[in-house]
J.: 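Sharing a structure below in structure tokens format, with a few things to ask.
Each chain gets a letter, A, B and so on, in the order its sequence line appears, and its residues count up from 1. These numbers were taken from a predicted model, which means no experiment stands behind them.
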There are 2 protein chains.
Amino acid sequence: MSNEKGVTIVDIAHRLNMSASTVSKALKDDKTISAITRERVKALAKEWNYIPNQAARNFQQNKSFTLAIVIPDLLDQFYALAINGIEEVAIQNNYNVIICQSYDNSEREINILNHLVSSRIDGIIIVVSKNTKDLTIFDNMEKQGIPIVFFARSIQQPSFSSVSSDHNDGALKAINLLIKRGHKRIAHLAGPNALLTSHLRHTAYKKALEQNNIPYDAALVKATDFSYESTSTALTELYKDKHPPTAFFVFKSYVGLDIKRFLQSSHPKKLKHTDIIGFGNLPLIKQLETKPTASLDENSQMMGRQAAELLFEKIKDTEAEKFHLRKILLSLATLLYMNKQ
Amino acid sequence: MSNEKGVTIVDIAHRLNMSASTVSKALKDDKTISAITRERVKALAKEWNYIPNQAARNFQQNKSFTLAIVIPDLLDQFYALAINGIEEVAIQNNYNVIICQSYDNSEREINILNHLVSSRIDGIIIVVSKNTKDLTIFDNMEKQGIPIVFFARSIQQPSFSSVSSDHNDGALKAINLLIKRGHKRIAHLAGPNALLTSHLRHTAYKKALEQNNIPYDAALVKATDFSYESTSTALTELYKDKHPPTAFFVFKSYVGLDIKRFLQSSHPKKLKHTDIIGFGNLPLIKQLETKPTASLDENSQMMGRQAAELLFEKIKDTEAEKFHLRKILLSLATLLYMNKQ
DNA sequence: TTGTACGCGTTATCAG
DNA sequence: CTGATAACGCGTACAA
């Protein structure tokens with residue numbers, strides 16, 4: 001019978017008059033153990049409701065069979081969907097996933113990472129928080145054999161694997177669409193300065209304009225930290241212009257939604273004629289009565305799957321002491337929404 | 001110097017010519033170790049970047065310093081906010097949180113729970129998935145000393161701790177508000193049948209009508225499984241009635257949003273005059289141009305904090321071998337939204 | 001004040 | 001085919 005602390009392999013071995021190692025092997029169907037023994041062991045294990053002590057296994061094997069996802073914010077549906085994709089692949093590989101929120105705060109991020117290292121996490125998929133500058137911790141982690149995949153947000157260091165959207169591809173598709181719809185004054189609401197991705201998308205915006213022979217106007221570009229207040233300040237500035245924008249290319253769709261909110265309260269007449277397009281197709285857009293013009297469909301679930309697959313390649317390669325680096329850039333479809341006229 | 005597998009206490013002890021136990025104690029500032037020794041140890045630990053092996057600790061102490069949250073779906077902002085509240089309290093207690101999605105599937109839920117037990121999780125906060133009937137696993141877990149707090153969704157078993165909204169209070173406030181706004185035909189869109197909470201809210205709806213001397217009409221009540229399709233089928237039925245509803249009391253606000261979507265496409269003229277109120281104040285409502293009439297403000301973040309605090313009480317009580325049961329029912333404010341007229 | 005000895009549950013190795 | 005033994009890193013009771 002079981003004591004209250006849980007049945008162990010030793011308990012079973014004792015009852016069956018065999019050694020713990022035999023039981024251990026029998027439990028995992030090791031062919032060097034006779035079929036009868038295996039059956040006896042499994043039967044008793046079931047009867048006694050033996051639950052393997054995963055903590056002991058982790059310790060013994062110096063592995064956790066767990067990978068971590070570190071994201072700024074769960075409320076952002078882009079990340080939530082990505083998690084679903086990652087989990088899918090993790091489950092296939094018999095791995096568990098732990099989700100950590102950095103709240104876009106690099107100190108908290110470091111705490112999280114240290115704890116993950118300490119817990120012998122097997123791999124990490126991370127969306128770096130917006131102020132993260134110091135990448136030494138990531139270097140150290142890779143040196144310790146913990147594979148990392150950077151997700152969505154890019155970083156300076158070229159030696160890390162990553163999965164993200166193709167900014168140039170996305171910007172070009174967005175700008176082309178807006179031009180096709182007759183716009184000349186296309187503003188760009190960029191992400192926070194501290195984020196490398198903000199600059200990449202800004203540059204992509206410039207390039208896309210160039211390719212369409214539209215002169216770049218720095219006055220049409222403002223940064224936002226993604227809060228409504230910040231976006232609204234930026235917009236107030238933009239609308240002071242003699243030739244205010246008639247369309248927006250935004251860092252991500254959430255910013256586009258805030259633009260709509262702003263217009264509704266400050267320039268309701270412009271609402272209908274202002275086209276907005278940005279990165280990210282969010283489920284919540286389904287719920288909106290008037291939608292943004294379009295989104296660059298990032299399919300974050302698929303991105304998550306890709307990141308997880310990449311991570312598992314690295315986990316296996318680390319075990320084999322190989323070296324593995326890959327950067328995946330995903331091109332984007334534009335997703336048009338239809339508003340009632 | 002450190003080997004690549006990470007510095008251990010033994011490494012430090014060896015280098016400093018002392019025993020591992022001395023180092024172990026020094027590291028945690030044990031006063032029985034001389035100040036000088038403590039300093040020497042800590043200095044070297046820092047120099048060598050010693051990272052305690054949490055996996056070893058967990059194993060040795062048979063604790064994980066981690067609690068788990070099991071929810072149906074991360075995309076639901078109600079749960080995402082609850083997580084934030086839980087995390088807040090967990091961090092204060094130096095605990096980690098792992099988040100698991102059951103996708104409202106009880107088989108997956110069981111897998112998750114088994115794995116959590118196996119990992120020696122210290123406590124669980126769970127939103128049971130909608131088909132969960134068999135509660136023996138929870139009984140077993142409590143027997144094994146793993147405290148559980150049920151969150152938001154109620155279960156039959158009275159012997160578990162829980163935190164949820166006060167259905168009667170909520171329903172009464174909602175119905176009162178709708179009546180005040182002149183409605184007589186108030187429909188109820190209930191949750192799935194398999195969910196006890198659906199019945200509780202349904203009953204609360206009946207009671208609230210009674211208290212207002214409005215006869216209960218079963219034809220005004222339909223269940224939805226929360227998908228748009230299901231809700232839309234229910235609505236189609238409802239609008240076949242000779243006296244179709246002019247207002248809705250819904251299981252949760254997401255259903256209310258789907259009602260709006262449905263009306264917009266099928267009965268656009270009714271949209272303006274149909275009042276909708278349900279459980280849950282969701283951040284995404286900010287983004288809507290026309291909002292539901294009101295929400296019962298569940299403040300899931302605060303609910304999360306309460307659940308976590310309750311769980312920590314239980315964790316401490318378990319250690320002290322005490323018994324602890326509490327059910328928290330939170331009353332709700334109604335939150336009115338103002339639509340442009 | 002410091003050190004010794006042991007156990008936590010599991011698995012890998014190697015001997016029988 | 002099975003068993004004995006050691007090892008993983010840490011904490012702790014007890015001895016010195």
J.: Thr37(A) versus Ser34(A): any side-chain heavy-atom pair under 4.5 Å?
T.: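 Contact flag for Thr37(A)/Ser34(A) side chains = yes.
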
J.: Collect all protein-nucleotide pairs involving nucleotides 4-8 of chain D in which both atoms are nitrogen or oxygen and the distance is under 3.5 Å.
T.:
{"unit_1": "dA4(D)", "atom_1": "N6", "unit_2": "Ser21(A)", "atom_2": "OG", "d": "2.8"}

J.: Do Ile126(A) and Phe151(A) touch side chain to side chain, with heavy atoms closer than 4.5 Å?
T.: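 Counting from C-beta outward, Ile126(A) and Phe151(A) never come under 4.5 Å.
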
J.: How many Å lie between NZ on Lys63(A) and C1' on dG9(D), as a whole number?
T.: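 So the NZ-C1' distance, Lys63(A) to dG9(D), works out to 19 Å.
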
J.: Are Ser129(A) and Thr132(A) close enough that some pair of their side-chain heavy atoms sits under 4.5 Å apart?
T.: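 Contact flag for Ser129(A)/Thr132(A) side chains = yes.
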
J.: Nearest whole angstrom, please: distance from the P of dC10(D) to the CG of Asn62(A).
T.: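 Interatomic distance, CG of Asn62(A) to P of dC10(D): 11 Å.
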
J.: Whether Asp30(A) and Arg38(A) form a salt bridge (side-chain N of Lys/Arg under 4.0 Å from carboxylate O of Asp/Glu) is what I want to check.
T.: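 Here Arg38(A) does not pair with Asp30(A) in a salt bridge, since their nearest N and O are not under 4.0 Å apart.
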
J.: Return the value, rounded to whole Å, for the distance between atom CG of Asn58(B) and atom P of dT10(C).
T.: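 Nearest whole value for this atom pair: 15 Å.
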
J.: Ignoring backbone atoms, establish whether Arg57(A) has a side-chain N or O less than 4.0 Å from OP1 or OP2 of dT11(C).
T.: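 Yes, Arg57(A) has a side-chain N/O under 4.0 Å of OP1/OP2 on dT11(C).
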
J.: With a 4.0 Å cut-off on heavy atoms, is Asn17(A) in touch with a base, just the backbone sugar-phosphate, or nothing at all?
T.: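 Sugar-phosphate, no base atom in range.
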
J.: OP1 or OP2 of dC10(D) versus the side-chain N and O atoms of Tyr50(B): is any pair under 4.0 Å?
T.: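 Indeed, a polar side-chain atom of Tyr50(B) lies that close.
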
J.: Looking only at atom types and distance, does a side-chain atom of Thr8(A) sit under 3.5 Å from a main-chain N or O of Asp11(A), one as donor and one as acceptor?
T.: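 Such a contact is found between Thr8(A) side chain and Asp11(A) backbone.
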
J.: Compare all side-chain heavy atoms of Gln101(B) with those of Ile83(A) and state whether any distance is below 4.5 angstrom.
T.: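 Counting from C-beta outward, Gln101(B) and Ile83(A) do come under 4.5 Å.
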
J.: Looking at residues 26-41 of chain B, who's got a heavy atom less than 4.0 Å off DNA chain D?
T.: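 Result for residues 26-41 of chain B: Lys28(B), sorted by number.
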
J.: Taking side chain as C-beta onward, heavy atoms only, is Arg153(B) less than 4.5 Å from Leu195(B)?
T.: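 A side-chain contact under 4.5 Å exists here.
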
J.: Is the shortest heavy-atom distance from the side chain of Arg120(B) to the side chain of Lys63(B) under 4.5 Å?
T.: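 Result no, sub-4.5 Å side-chain heavy-atom pair not found.
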
J.: Where the side chain of Asp122(B) meets the backbone of Leu67(B), is there a donor-acceptor pair that is under 3.5 Å apart?
T.: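 No: the side chain of Asp122(B) does not pair with the backbone of Leu67(B).
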
J.: Consider side chain to side chain donor-acceptor pair (under 3.5 Å). Of Lys327(A), Arg326(A), Lys314(A), which one does Ser161(A) pass it with?
T.: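 Testing each of Lys327(A), Arg326(A), Lys314(A) against Ser161(A), the sole residue satisfying side chain to side chain donor-acceptor pair (under 3.5 Å) is Lys314(A).
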
J.: Check the distance between dG9(C)'s P and Arg120(B)'s CZ and give it to me in whole angstrom.
T.: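 Taking atom P of dG9(C) as the reference, CZ of Arg120(B) is at 8 Å.
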
J.: Got Ile112(A) and Arg108(A) here, is their nearest side-chain heavy-atom distance under 4.5 Å?
T.: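 They are in contact (side-chain heavy atoms under 4.5 Å apart), so the answer is yes.
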
J.: Could you work out how much the helix from dT1(C)-dA16(D) to dG16(C)-dC1(D) bends, comparing the axis of its first five pairs with that of its last five, to 10°?
T.: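 The helix from dT1(C)-dA16(D) to dG16(C)-dC1(D) shows an end-to-end axis angle of 50°.
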
